[in-house]
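Here is the structure we will look at.
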Amino acid sequence: MRYWLMKSEPATFSLDDLAARPGQTEPWDGVRNYQARNMMRDEMRPGDQVFFYHSNCAVPGIVGIAEVVGEPRPDPTAFDPESSYHDPKSTPEKPRWHLVDVRYVRHLRRVIPLAELKTHATGALDGLPLVRRGNRLSIMPVTPEQWAFILSLE
DNA sequence: GCCAACGTTGGC
DNA sequence: GCCAACGTTGGC
């Protein structure tokens with residue numbers, strides 16, 4: 001079982017939104033970055049645990065936990081001409097983009113702000129892409145040690 | 001709203 | 001294959 005961090009803009013899709021979905025589950029569609037896609041398609045498996053991160057908001061930070069349900073699958077929004085995520089180069093026969101379905105687990109007892117996580121950038125969170133300068137990855141791996149450390153801050 | 005960082009595109 | 005231009009991300 002692996003650990004991950006996934007970013008979402010709460011104005012678009014928040015952890016509360018995830019908790020309110022039928023089955024508390026949502027397809028993580030619209031990822032159009034190859035690094036992020038490769039992680040979903042090639043490395044994510046059902047049961048993997050995910051830190052849910054709010055970006056582009058007043059207090060960016062980790063707000064809760066979700067988990068991967070089901071196997072990775074082609075992203076259907078890529079096939080849909082009406083979708084803002086449409087990519088004509090992705091076809092059902094040869095899908096270019098993939099997603100995983102993500103299910104709500106829980107909110108953290110408090111938001112752990114990016115600013116606080118950054119204070120550990122040269123310590124326990126050394127190497128975590130989130131706390132590196134200029135990082136833009138929307139999906140990233142978290143080591144078991146980093147996961148446990150972040151939970152200890154809760 | 002600004003802007004640094006970074007990925008992608010496309011001309012050559 | 002290089003690299004300038006451009007678009008996007010996302011913190012602040």
Side-chain angles (χ1 to χ4, degrees), chain A residues 2-21 26-44 48-68 72-102 104-143 145-147 149-154:
Chain A
R2 293 189 181 179
Y3 298 102
W4 305 94
L5 182 146
M6 296 168 93
K7 296 180 185 174
S8 186
E9 302 191 13
T12 305
F13 190 77
S14 69
L15 184 61
D16 286 340
D17 292 330
L18 179 63
R21 280 289 191 272
E26 180 76 358
W28 206 263
D29 57 21
V31 171
R32 297 293 179 268
N33 170 281
Y34 288 104
Q35 245 184 302
R37 177 206 67 182
N38 291 347
M39 285 187 271
M40 287 201 292
R41 187 191 61 186
D42 305 334
E43 297 182 51
M44 284 196 185
D48 284 5
Q49 299 293 110
V50 178
F51 277 137
F52 198 106
Y53 177 90
H54 280 177
S55 65
N56 241 320
C57 55
V59 183
I62 295 171
V63 294
I65 296 173
E67 69 181 355
V68 176
R73 57 189 177 92
D75 182 343
T77 64
F79 312 141
D80 178 5
E82 302 299 310
S83 170
S84 55
Y85 299 132
H86 180 233
D87 181 353
K89 294 190 186 116
S90 186
T91 64
E93 295 72 34
K94 216 167 181 254
R96 172 175 295 198
W97 304 109
H98 294 72
L99 58 73
V100 294
D101 295 280
V102 165
Y104 174 81
V105 174
R106 69 178 179 91
H107 282 69
L108 296 190
R109 288 194 288 275
R110 69 180 183 99
V111 177
I112 303 180
L114 177 63
E116 180 177 345
L117 295 168
K118 277 184 171 171
T119 66
H120 303 284
T122 56
L125 298 182
D126 183 39
L128 180 67
L130 186 73
V131 298
R132 283 210 296 262
R133 212 167 77 98
N135 159 70
R136 283 171 43 190
L137 255 191
S138 64
I139 297 175
M140 67 188 71
V142 175
T143 69
E145 293 77 17
Q146 291 163 349
W147 180 275
F149 176 77
I150 291 169
L151 280 184
S152 78
L153 300 174
E154 185 179 2

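Note on naming: letters A, B, ... go to the chains in the order of the sequence lines (proteins, then strands), and numbering restarts at 1 for each one.
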OP1 or OP2 of C:dG11 under 4.0 Å from side-chain N/O of A:Lys7: no
Residues touching DNA chain C, which here means a heavy atom under 4.0 Å, drawn from residues 56-64 of chain A: A:Asn56, A:Pro60
Beyond-backbone contact of A:Trp28 with A:Val68, side-chain heavy atoms, under 4.5 angstrom: no
Nearest-nucleotide comparison on DNA chain B, the residue closer to the 5′ end among A:Arg133 and A:Arg32: A:Arg133
Given C:dC12, B:dG7, C:dG10, the nucleotide with the shortest approach to the side chain of A:Ser138: C:dG10
side-chain N/O A:Tyr34 vs B:dC6 OP1/OP2, d < 4.0 Å: no
Rounded interatomic separation in angstrom, taking NE2 from A:His54 and C1' from C:dG11: 16 Å
Note, A:Trp4 side chain near A:Glu43 side chain (heavy atom, < 4.5 Å): yes
Atom pair CD1/CE of A:Ile139 and A:Met40 - distance to nearest 0.5 Å: 4.0 Å
Geometric class of the A:Phe51/A:Trp147 ring pair [parallel <30°, tilted 30-60°, perpendicular >60°]: parallel
Counterpart residues, side chain to side chain contact (heavy atoms under 4.5 Å, CB included), relative to A:Tyr34 (two or more places apart): A:Arg37, A:Arg96, A:Trp97
Spacing between A:Asn33 atom CG and C:dT9 atom P, to the nearest angstrom: 10 Å
Euclidean distance, atom CG of residue A:Leu114 to atom C1' of C:dT9 [Å, nearest integer]: 13 Å
Integer-rounded Å distance: B:dG7 P and A:Asn38 CG: 13 Å
Rounded distance in Å - CG (A:Leu137) to P (C:dT9): 13 Å
Interatomic distance, A:Lys89 NZ vs B:dT8 C1' [rounded to whole Å]: 10 Å
Protein-nucleotide distance (A:Arg132, atom CZ; C:dG11, atom C1'), rounded to Å: 17 Å
Residue that, paired with A:Thr77, satisfies side-chain hydrogen bond (donor to acceptor under 3.5 Å, both in side chains) out of A:Arg32, A:Glu82, A:His86: A:Arg32
Spacing between A:Asn135 atom CG and C:dG11 atom P, to the nearest angstrom: 9 Å
Check: A:Pro76 main-chain N/O paired with A:Asp29 side-chain donor or acceptor under 3.5 Å: no
